[in-house]
Amino acid sequence: MTDNEQDRKPSPDDARIVERLVPIWLEETQRHDPDAAHRARDGWREGSLPPDSARDLAHWVTARITDTAFNEDEGPDVNGPARITPADKSAVLRWLDDHGHTV
């Protein structure tokens, strides 16, 4: 199994990570695009995200990685609402893929 294949194998922790990050993403989305946040929140409550919301979540988690091993002068500010690791990003992408979203 290659590293890429291992990265795509669903993990039991994926749902827990997604459940931790989605409320933060929804809160941020609400501040910038209330209509998109409303659609995403409705989908989340129903157990699935609309395709545009899934893409937005994938982009958001990628952009918000805070735990990168960079020092403070090189990397993003980690004093946000959540620490997001590269492994968290992979978990979100696996979860989205497992729920039928190609991102």
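- In plain terms, the two heavy atoms of E27 and R41 that are nearest each other are N-NH2, 4.5 Å.
- A donor-acceptor pair is defined here as one N or O able to donate and one able to accept, closer than 3.5 Å; such a pair exists between the side chain of H101 and the backbone of L49.
- The two residues V18 and P23 come nearest to each other via the heavy atoms O-CD, 4.3 Å.
- Nearest heavy atoms, A40 versus P50: CA-CD, 4.4 Å.
- T62 OG1 to L93 CG: the interatomic distance, rounded to the nearest 0.5 Å, is 5.5 Å.
- R20 is linked by a side chain to side chain contact (heavy atoms under 4.5 Å, CB included) to I17, A82, D88, counting only residues two or more places apart in sequence or in another chain.
- In this structure, NE2 in H32 is found 12.0 Å from CG in D56, a value given to the nearest 0.5 Å.
- The CZ atom of R55 sits 10.0 Å away from the OG1 atom of T102 when rounded to the nearest 0.5 Å.
- In summary, of the residues considered (R83, K89, E28), a side chain to side chain contact (heavy atoms under 4.5 Å, CB included) with R64 occurs for E28 alone.
- In this structure, OG1 in T29 is found 10.5 Å from CZ in R39, a value given to the nearest 0.5 Å.
- Note: L26 CG to S53 OG = 8.5 Å, rounded to the nearest 0.5 Å.
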Query raised in the report: Would E19 and W44 count as a side-chain contact (heavy atoms from CB on, under 4.5 Å) if you check the C-alpha gap in whole Å, the side-chain angles of each, and the deciding distance to 0.1 Å?
Result: CA-CA 10 Å; E19 289 170 5; W44 177 248; 4.2 Å; yes
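- Residues S48 and H99 fail the side-chain proximity criterion, which asks for heavy atoms closer than 4.5 Å.
- Within 6.0 Å of NE2 on H38 lie no more than 12 heavy atoms contributed by other residues, nucleotides or ligands.
- The side-chain heavy atoms of V92 and L21, taken from C-beta on, include a pair separated by under 4.5 Å.
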